[in-house]
2 protein chains.
Amino acid sequence: MTHQHERSDCPGCAAPELAFSAHDHAHCAADALARAEAVTSAAGVRLTPVRRRVLEILLEEHRALGAYDVLGRLAAEGFGNQPPVAYRALEFLVEQGLAHRIQRLNAFTACIHPGEQHAPAFLICRNCAAVAEAEAGPARAALDAAAARVGFTIERSTIEALGLCPACRESTS
Amino acid sequence: MTHQHERSDCPGCAAPELAFSAHDHAHCAADALARAEAVTSAAGVRLTPVRRRVLEILLEEHRALGAYDVLGRLAAEGFGNQPPVAYRALEFLVEQGLAHRIQRLNAFTACIHPGEQHAPAFLICRNCAAVAEAEAGPARAALDAAAARVGFTIERSTIEALGLCPACRESTS
DNA sequence: TATATGAATGTAATATCATAACAGGTCAAG
DNA sequence: CTTGACCTGTTATGATATTACATTCATATA
Ligand SMILES: [Zn+2]
Ligand SMILES: [Zn+2]
Ligand SMILES: [Zn+2]
Ligand SMILES: [Zn+2]
């Protein structure tokens with residue numbers, strides 16, 4: 001796994017389960033935004049106002065937002081109010097590795113450690129809706145092995161889990 | 001892994017990648033349907049005409065069909081032509097373990113070895129749209145471990161891979 | 001500076017996927 | 001029979017997503 005940033009500086013790398021922990025989220029979000037600037041600048045693509053604003057909106061919480069939730073926010077702020085406005089910005093963020101799509105929720109969440117090439121697993125709390133990225137290396141390796149055994153070539157894979165985060169497990173028990 | 005049927009009799013168990021192999025599919029489908037009868041009868045639920053027909057439709061090919069594809073077929077055969085007709089039958093089949101929902105495709109595929117409690121990984125060919133069930137035990141174990149490490153309790157998980165099946169890999173290279 | 005170019009955004013229209021709510025029919029238990 | 005649970009049909013609506021085209025913006029030349 002190669003990084004474009006130092007592990008020691010990256011809250012996401014230090015604690016991918018960040019979404020479930022108390023933490024300085026203002027710093028967490030500002031950090032991700034700063035990384036996003038760096039990543040896009042390095043890639044020679046533009047983090048335009050809409051795109052940047054969508055990322056900020058996703059970064060407000062460690063949750064996944066539907067495209068129409070994002071669109072509502074954008075429209076209220078004077079951006080376009082038609083679906084493509086939101087979908088295009090979200091697609092851009094996903095392509096650049098700044099956000100992830102959560103298939104189970106038909107929704108999008110900001111990446112907590114952009115800049116690193118990664119394909120994490122997602123842990124989705126069914127009670128509080130928090131979404132955390134989890135280490136998916138071993139699971140992916142096992143899946144690759146199973147696919148290879150039958151001659152299937154994996155190009156993209158989705159690993160998502162629904163359940164209870166530590167806090168909700170406590171409170172609902 | 002416990003079975004309600006013998007491994008030696010079960011094409012699905014013998015070759016979960018069946019979808020990618022030449023095989024006697026008429027037998028494969030008839031077999032799955034027979035198992036479905038057994039499973040539902042044992043569970044005390046009813047495999048009504050609509051439900052049975054939906055399963056037959058899904059069993060025609062090792063692909064995933066959208067609810068509206070199924071609905072179109074049903075309507076053409078004199079069943080109801082409104083979405084709930086298809087969604088309810090599909091929901092029933094999924095609940096009974098006779099079909100699976102493919103999140104990535106918003107579509108449904110017949111289970112190739114119903115009767116066994118299982119949560120497989122799905123291998124989806126982006127070229128021919130075939131969907132195979134793959135052994136997900138090790139991948140799930142790895143995911144469980146990653147989740148446990150951060151205190152997350154998994155209740156349901158989705159493992160799906162998109163890529164090329166053996167045949168399409170050959171033909172497109 | 002002018003102007004060509006491609007990228008990004010805005011908008012209308014439409015397609016696709018999914019559920020809520022209620023009415024009527026079927027069937028077996030009491 | 002009648003009751004009650006379950007299943008089916010239908011209307012209506014909601015939620016998610018894409019196509020197509022017009023317009024604006026940034027930037028790189030001439
Ligand atoms: Zn945070
Ligand atoms: Zn990420
Ligand atoms: Zn078959
Ligand atoms: Zn199955």
Side-chain angles (χ1 to χ4, degrees), chain A residues 36-37 40-41 43-58 63-96 98-109 124 129 158 160, chain B residues 36-37 40-41 43-58 63-96 98-109 124 129 158 160:
Chain A
E37 304 269 19
T40 50
S41 154
V45 295
R46 292 191 298 152
L47 189 60
T48 60
V50 212
R51 293 168 174 176
R52 186 189 163 100
R53 189 68 193 113
V54 169
L55 181 55
E56 288 171 356
I57 289 167
L58 292 182
R63 307 221 284 105
L65 289 186
Y68 281 75
D69 296 329
V70 171
L71 181 59
R73 297 284 305 271
L74 290 177
E77 295 172 17
F79 292 98
N81 67 30
Q82 298 304 313
V85 173
Y87 280 102
R88 284 193 292 231
L90 289 165
E91 179 187 31
F92 170 85
L93 295 174
V94 169
E95 273 171 2
Q96 300 303 317
L98 304 175
H100 300 290
R101 176 171 193 139
I102 309 297
Q103 302 283 352
R104 248 195 123 89
L105 304 178
N106 289 334
F108 302 82
T109 193
I124 308 160
T158 302
E160 296 173 356
Chain B
E37 304 269 17
T40 51
S41 155
V45 295
R46 292 192 297 154
L47 189 60
T48 61
V50 210
R51 293 168 174 177
R52 185 188 164 101
R53 189 68 193 114
V54 169
L55 181 55
E56 288 172 355
I57 290 167
L58 292 182
R63 307 221 284 105
L65 290 185
Y68 280 75
D69 296 329
V70 171
L71 181 59
R73 297 284 305 273
L74 291 177
E77 295 173 15
F79 292 99
N81 71 117
Q82 298 304 315
V85 172
Y87 280 102
R88 285 193 290 230
L90 289 165
E91 180 187 29
F92 169 85
L93 295 173
V94 170
E95 273 171 2
Q96 300 303 317
L98 304 176
H100 300 288
R101 175 170 194 139
I102 309 298
Q103 303 281 353
R104 247 195 123 91
L105 304 177
N106 289 335
F108 302 83
T109 193
I124 307 160
T158 302
E160 296 174 357

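Order of the sequence lines sets the chain letters (A, B, ...), proteins ahead of strands, with each chain counted from 1.
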Quickly work out the [X] [atom1] to [N] [atom2] distance and round it to whole Å.
X	N	atom1	atom2	answer
A:Leu47	D:dA26	CG	C1'	16 Å
A:Glu95	C:dA8	CD	C1'	13 Å
A:Asn106	C:dC17	CG	C1'	9 Å
A:Glu77	C:dG10	CD	C1'	17 Å
B:Leu71	D:dG9	CG	C1'	12 Å
B:Glu91	C:dT19	CD	P	8 Å
B:Leu90	C:dC17	CG	P	12 Å
A:Leu93	C:dA8	CG	P	12 Å

Please check the phosphate of [N] (OP1 and OP2 only) for any side-chain N or O of [X] closer than 4.0 Å.
X	N	result
A:Thr48	C:dA7	no
B:Arg88	C:dT19	no
A:Arg46	D:dC25	no

Ignoring hydrogens and geometry, is there a side-chain-to-backbone donor-acceptor pair from A:Arg51 to A:Arg46 under 3.5 Å?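 Judged by distance alone, yes, a pair lies under 3.5 Å.
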
Donor-acceptor pair, side chain of A:Glu160 and main chain of A:Arg104, under 3.5 angstrom: yes

Go through [options] for me and flag the one nearest to the [X] side chain.
X	options	result
B:Val85	D:dT16, C:dT11, D:dT10	D:dT10
A:Gln82	D:dA26, C:dA12, C:dA21	C:dA12
A:Pro83	D:dG9, C:dA20, D:dT18	D:dT18
B:Tyr87	C:dC17, D:dT10, D:dT18	C:dC17

On DNA chain D, nearest-nucleotide positions of B:Arg51 versus B:Asn81: which is more 5'?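 Here B:Arg51 is the residue nearer the 5' end.
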
Would you give the length of the straight line joining atom CD of B:Glu91 to atom CG of B:Leu93, rounded to the nearest 0.5 angstrom?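 Result: 10.0 Å between the selected atoms.
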
Using the aromatic ring of B:Tyr68 (for Trp, its six-membered ring), decide whether it stacks on the base of C:dT16 within the limits of 5.5 Å and 30°. no

Before accepting this row, confirm whether a basic side-chain N of the pair B:Arg53/B:Glu56 lies closer than 4.0 Å to the acidic partner's carboxylate O.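 Salt bridge: yes.
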
Hydrogens and angles aside, do B:Arg63 and B:Thr109 bring a side-chain donor and acceptor to less than 3.5 Å of each other?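 Result is no, nothing qualifies.
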
